[in-house]
Amino acid sequence: METVGIFGGSGFTGSALTRLLQESGYRVVVFSRKPHVSPDSSLLYSTWNPQAKQIDAKAFASLNHVINLSGAGIADKRWTAARKKEILQSRTESTGFLAQCIKDIPNRIHTHINASAVGYYGADPNRYFTELNPASNDFLGKTCRAWEDSARPIESKTRLVIFRFGIVLGRAGGMLKAFEPAFAAHMAPVLGSGRQWISWIHLSDLCRLLLYAIQQPTVKGTYNAVAPQPSRQKSLIRHVAAAAKGWFIPAPAPAFVLKAALGEMSIELLKSCRVSAEKIQDAGFIFSFPDITTAAADLYR
């Protein structure tokens, strides 16, 4: 039985990924600052603290694959100067520390998968961004570039795969959980004009994609983790609201209101960014939910 270590594994994506890995026959070690005991022999919790440069070396040495999802939530708090520093450092410090551990601790790791985000790209409604496009010069673009750069030293030791996550759609967290109160009231929030392109991915497809990268040794380098068919925000929320409650009333949230309430963070809600999934499809991955209609129907079936 091979062992997968998940860093940042107690969150929305990590919890779903843990279940899939166990169902697929892997032993999982979730590294956390506050580990707890699991009654399941295929799921262990172990200690790590990248800020203090602490890790359970014995547990780390047992890993065959590493998946790093660590990082402070992008949308959890308003982007003050202190929060922006935390968002950046929580990613670069954890990734840099993992690279150092792979170098310093004897191990048998042959795959390292590191998260990034489509915030890497800028705003352009007229084209698809591919993995070859440069990073945007805004806060998230610079953050994602630094995040990815902190993983590069791993390439000399093991196979490195970087996935730039789109907006992850799942009932247990992320954007949909934030919108649940509106759906319960049969409202569909329309952000700004609602015409901005959203590059998204169903949580199930994202977890399957991470598993695919473990199992396919030819998958190497940087890939976009997005569904093949982006959706305009108004269309996306309309399909989700309809699947959730059957009927809905559009609830406009004008751009100036979002800017006043959220500050700089509102840029990410209002920008139009279409991101291509072609590279990972060419690598053989098949999406179960390529469009928002099938994704919404599955999420609220």
- [ ] Count the heavy atoms of every other residue, nucleotide or ligand shown that sit under 6.0 Å from NZ of K53, and state whether that count exceeds 12.
- [x] yes

Open item on the list: Pair I6, L21 - check side-chain contact (heavy atoms from CB on, under 4.5 Å), show working.
Closed with: CA-CA 10 Å; I6 305 180; L21 289 169; 3.8 Å; yes

Task: Any donor-acceptor pair under 3.5 Å from N64 side chain to T3 backbone - done: yes

Open item on the list: I'd like to know if K220 and E155 make a salt bridge, using a cut-off of under 4.0 Å between side-chain N and carboxylate O.
Closed with: no

Task: Whether Y121 side chain and T130 backbone form a donor-acceptor pair below 3.5 Å - done: yes

Open item on the list: If hydrophobic clusters are built by linking Ile, Leu, Val, Met, Phe, Trp and Tyr wherever their side-chain heavy atoms come under 4.5 Å apart, do Y26 and L43 end up in the same one?
Closed with: yes

Open item on the list: Between S90 and A72 (side chain of the first, backbone of the second, donor and acceptor by atom type, cut-off under 3.5 Å), is there such a pair?
Closed with: yes

- [ ] Considering non-hydrogen atoms only, spot the tightest contact between F163 and L210 and give its length.
- [x] CD1-CD2, 3.6 Å

Open item on the list: Is there a path of hydrophobic side-chain contacts, each under 4.5 Å between heavy atoms of I/L/V/M/F/W/Y residues, joining M175 to V226?
Closed with: no

Task: Atom pair OG (S276) and CG (L132), whose distance is rounded to the nearest 0.5 Å - done: 10.0 Å

Task: Heavy-atom check, side chain of F129 versus side chain of R164, under 4.5 Å - done: no

Task: Any donor-acceptor N/O pair, S231 side chain to L236 backbone, under 3.5 Å - done: yes

Task: Ring geometry between H202 and F289 (parallel below 30°, tilted from 30 to 60°, perpendicular above 60°) - done: parallel

TODO: Could you tell me whether E86 and R83 have a side-chain N and a carboxylate O separated by less than 4.0 Å?
DONE: yes

Task: L20: which of L211, L206, L203, V28 passes side-chain contact (heavy atoms from CB on, under 4.5 Å) - done: L211

Open item on the list: Any heavy-atom pair between the side chains of Y120 and E148 that's under 4.5 Å?
Closed with: yes

- [ ] Considering non-hydrogen atoms only, spot the tightest contact between V219 and A283 and give its length.
- [x] CG2-CB, 4.5 Å

TODO: Return yes if some donor-acceptor pair links the side-chain N/O of S272 with the main-chain N/O of A123 below 3.5 Å, else return no.
DONE: no

Open item on the list: Between W79 and I74, does the side-chain contact (heavy atoms from CB on, under 4.5 Å) criterion hold? Intermediate values first, please.
Closed with: CA-CA 9 Å; W79 286 0; I74 293 293; 3.7 Å; yes

Task: Interatomic spacing from CG in L176 to OH in Y300 - rounded to 0.5 Å - done: 4.5 Å

Open item on the list: With heavy-atom distances below 4.5 Å as the criterion, would you say the side chains of D138 and E268 are in contact?
Closed with: yes

Open item on the list: Closer than 4.0 angstrom, basic N to acidic O: yes or no for D205 and R208?
Closed with: yes

Open item on the list: Show, in sequence, the C-alpha distance, side-chain angles and deciding distance for R108 and S62, and conclude whether the side-chain contact (heavy atoms from CB on, under 4.5 Å) test is met.
Closed with: CA-CA 7 Å; R108 49 188 179 182; S62 72; 4.2 Å; yes

Task: NE2 on H65 to CZ on R159, rounded to 0.5 Å - done: 8.0 Å

TODO: Taking the six-membered ring of F183 (Phe, Tyr or Trp), confirm whether the NZ or CZ of K245 is under 6.0 Å from its centre and within 45° of its axis.
DONE: no

Task: Residue pair I55 / F97, side-chain heavy-atom distance below 4.5 Å - done: yes

Task: Heavy-atom side-chain proximity of S193 to Q196 below 4.5 angstrom - done: yes

Task: Least distance between heavy atoms, A243 atom then A297 atom - done: CB-N, 4.3 Å

Task: Side-chain donor or acceptor of W200 paired with backbone N/O of Q229 under 3.5 Å - done: yes

TODO: Calculate, to the nearest 0.5 Å, the distance between atoms CD1 and CG belonging to I292 and L169 respectively.
DONE: 5.0 Å

Task: R78 side chain vs A261 backbone, donor-acceptor pair below 3.5 Å - done: yes

Task: Under 3.5 Å donor-acceptor, N107 side chain and I109 backbone - done: yes

- [ ] Return yes if some donor-acceptor pair links the side-chain N/O of S235 with the main-chain N/O of R232 below 3.5 Å, else return no.
- [x] no

Open item on the list: Nearest 0.5 Å, please: how far is CG in L209 from CD1 in I214?
Closed with: 10.5 Å

- [ ] Apply side-chain contact (heavy atoms from CB on, under 4.5 Å) to the pair I87 and F139, showing each step before the final yes or no.
- [x] CA-CA 10 Å; I87 289 171; F139 167 64; 4.0 Å; yes

- [ ] Take atom NZ of K259 as the centre, draw a 6.0 Å sphere, and report whether it contains more than 12 heavy atoms from other residues, nucleotides or ligands.
- [x] no

Open item on the list: Between L44 and I105, is there shared hydrophobic-cluster membership here, with clusters defined by ILVMFWY side-chain heavy atoms closer than 4.5 Å?
Closed with: yes

Open item on the list: According to a hydrophobic-cluster definition based on side-chain heavy atoms being under 4.5 Å apart (Ile, Leu, Val, Met, Phe, Trp, Tyr only), do I280 and L160 belong together?
Closed with: no

Open item on the list: Once rounded to the nearest 0.5 Å, what's the spacing between atom CE of M265 and atom CG of L269?
Closed with: 7.5 Å

Task: More than 12 heavy atoms of other groups within 6.0 Å of R195 CZ - done: no

TODO: Kindly give the heavy-atom pair with the smallest separation between G141 and A135, and that separation in Å.
DONE: O-CB, 3.8 Å

Task: Note, F248 side chain near I237 side chain (heavy atom, < 4.5 Å) - done: no

TODO: Identify the two heavy atoms, one from F179 and one from P189, that lie closest to each other, and give their separation to 0.1 Å.
DONE: CD2-CG, 4.1 Å

- [ ] Verify, without hydrogens or angle tests, whether N49 (side chain) and R33 (backbone) share a donor-acceptor contact under 3.5 angstrom.
- [x] no

- [ ] Would you confirm whether the ring centroid of F285 sits within less than 6.0 angstrom of the ring centroid of F287?
- [x] yes

Task: Donor + acceptor pair across side chains of T222, E131 (<3.5 Å) - done: no

Open item on the list: I need the single residue from L98, I154, I162 that forms a side-chain contact (heavy atoms from CB on, under 4.5 Å) with N68. Which is it?
Closed with: L98

Open item on the list: I'd like to know whether NZ of K234 has more than 12 heavy-atom contacts from other residues, nucleotides or ligands below 6.0 angstrom.
Closed with: no

Open item on the list: Counting C-beta onward and ignoring hydrogens, is there a side-chain heavy-atom pair between L299 and V240 closer than 4.5 Å?
Closed with: no

Open item on the list: Do V275 and I198 sit in one hydrophobic cluster, given that two such residues count as connected whenever their side-chain heavy atoms are within less than 4.5 Å of each other, even indirectly?
Closed with: no

Open item on the list: Does I102, at its CD1 atom, have more than 12 non-hydrogen atoms belonging to other residues, nucleotides or ligands within less than 6.0 Å?
Closed with: yes

Task: Over 12 foreign heavy atoms within 6.0 Å of CD, Q215 - done: yes

Open item on the list: If the test is ring-ring contact (aromatic ring centres under 6.0 Å, His included), which one of F7, Y45, W48 qualifies with F31?
Closed with: F7

Task: Nearest heavy atoms of V161 and A213, plus distance in Å - done: CG1-CB, 4.4 Å

TODO: For residues E2 and H110, determine if any side-chain heavy atom of one lies less than 4.5 Å from a side-chain heavy atom of the other.
DONE: yes

